[in-house]
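What follows is one structure encoded as structure tokens, with my remarks underneath.
The shown structure was predicted, so the numbers you read here are calculated from the model rather than taken from an experiment. Only heavy atoms go into these numbers, but all of them, side chains included; no hydrogens, no water, no symmetry mates. We name chains A, B, ... by the order of the sequence lines, and we start the count at 1 in each one.
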2 protein chains.
Amino acid sequence: MKITALEEYGLRCMVLLARQRDDDPLTLPEFATREGFSIPYAGKLLMILKRSGLVKAVRGRKGGYVLAQSPEEITLKEIFEVLGKPVFSAGYCGRYAREHEVCIHSGDCTVKNIWQTFDEFIESYLEQVTLADLASGDISPLEENGLKLQQKA
Amino acid sequence: MKITALEEYGLRCMVLLARQRDDDPLTLPEFATREGFSIPYAGKLLMILKRSGLVKAVRGRKGGYVLAQSPEEITLKEIFEVLGKPVFSAGYCGRYAREHEVCIHSGDCTVKNIWQTFDEFIESYLEQVTLADLASGDISPLEENGLKLQQKA
DNA sequence: AAAAAACTTTACTTTTTTGTAAACTTTTTG
DNA sequence: CAAAAAGTTTACAAAAAAGTAAAGTTTTTT
């Protein structure tokens, strides 16, 4: 299981923006310097975020990027949907079919089912954490964070 | 977020094995045919699984591979630990440091914290699903599967 | 004991992901 | 209105992951 580079760095850009004043946009060189990648790469990331509507670009001399909504209104789920694909997505059956016309999935689609359930599980977490939670810096263990995992009797 | 090819196909091999009689090993050509990849690739996968102790190789004419334990005793967490890295692992801070000596993580390590918590959350799920659950083919939605996610009051 | 069937290893090709370079367009400020 | 500062696009280079080929080793069965 892997977090892609786009997800990692894209999320960091969002955190930087969440800590910024609304009327003070962050520029591409600033993103690049503060996270250690090139300016064009920062451009690529912010372009993705902008197209999705999560951030707005301010053009001109005093321009840069600002969040489109307040950090409290943005969940990790929304950010992740923009930066990458979920564990289970529409193309799954085709992606692993290879030379076969349809997937051959160990006889039946049992593996598909586990990813689908797993994905639901993950998203139930992501949709409960906001960008404000992240920016404030105290993501706590599950139990202290409003989430609890229970074993049914 | 991405499931790697090794994780996908390695898990499928384990499911195939879980559905096999103990005294009837599966051979590399059988894995290859049934999942649609080459025999050497099957060898690569099974080698990883064997080194980790999850499966045993039986050499000679009637050889092949068998599970080292019964499917009820093997959790998804164990399988995943062998086939890939978790979302948050030891090398994290170095992996994203790039040209910097240490990670620069948006001022402080807030992003690291979220992955660490996220990883705990994921593993709490993976360790409750066994290979037997998978092989039986009915992975149900969370609530019906002994797991429940609760919002704290 | 020899051959067959299976596991094992090393090296290599292909594909995808990452990341950069460079040129271009737009908007604001003096 | 021109220059500067910033966003935007296209194309390309480097690195990692995925997958294959081929040759070698071990064990069992005849």
- prompt: Tell me: CG of Leu45(B) to C1' of dA17(D), nearest whole Å?
  reply: 13 Å
task: Return the minimal non-hydrogen interatomic distance between Asp133(A) and Gln128(A), and the atom names on each side.
output: OD2-O, 4.1 Å
- prompt: Starting at CD1 of Ile39(B) and ending at P of dG19(D), how long is that distance when rounded to a whole Å?
  reply: 16 Å
message: Tell me the interatomic distance from Glu8(A), atom CD, to dT17(C), atom P, rounded to whole angstroms.
response: 18 Å
field: Nucleotide nearest Phe37(A) (side chain, heavy atoms from C-beta), chosen from dT20(C), dT8(C), dA18(D)
entry: dT20(C)
- request: Answer yes if the ring centres of Phe121(A) and Phe121(B) are under 6.0 angstrom apart, and no otherwise.
  value: yes
query: What is the distance, rounded to the nearest whole Å, between atom NZ of Lys56(A) and atom P of dG7(D)?
result: 15 Å
statement: Closest non-hydrogen contact found for Leu16(B) with Arg34(B) is CD2-NH2, 3.7 Å
message: Which heavy atom of Leu11(B) sits nearest to which heavy atom of Leu83(B), and what is that distance?
response: N-CD1, 3.7 Å
task: Test Val129(A) against Phe118(B) for side chain to side chain contact (heavy atoms under 4.5 Å, CB included), laying out the working first.
output: CA-CA 10 Å; Val129(A) 181; Phe118(B) 188 44; over 6 Å; no
- request: Determine: side-chain N/O of Arg51(A) to OP1/OP2 of dT9(D), distance under 4.0 Å, yes or no.
  value: yes
message: Please give me the minimum heavy-atom distance between Lys62(A) and Pro25(A), naming the atom from each residue.
response: O-CG, 3.8 Å
- request: Quickly work out the Ile3(A) CD1 to dT18(C) P distance and round it to whole Å.
  value: 11 Å
- prompt: Counting side-chain heavy atoms from CB outward, which of dA22(D), dG19(D), dG7(D) is closest to Leu28(A)?
  reply: dG7(D)
- line: note: Tyr41(B), atom OH; dA17(D), atom P; distance rounded to Å ~ 13 Å
- request: Calculate the interatomic distance between Ile48(A) atom CD1 and dT9(D) atom C1'; express it in whole Å.
  value: 13 Å
query: So which of residues 60-69 of chain A are in contact with DNA chain D, with a heavy-atom cut-off of under 4.0 Å?
result: Gly60(A), Arg61(A), Gly63(A), Gly64(A), Tyr65(A)
message: Both Pro40(A) and Arg59(A) contact DNA chain C. Taking the nearest nucleotide for each, which residue is further toward the 5' end?
response: Pro40(A)
Taking every non-hydrogen atom, the tightest pair across Glu123(A) and Pro86(A): OE2-CB, 3.8 Å
message: Any side-chain N or O of Lys44(B) below 4.0 angstrom from OP1/OP2 of dA18(D)?
response: no
query: Rounded to whole angstrom units, what separation is found between the NZ atom of Lys50(B) and the C1' atom of dT8(C)?
result: 8 Å
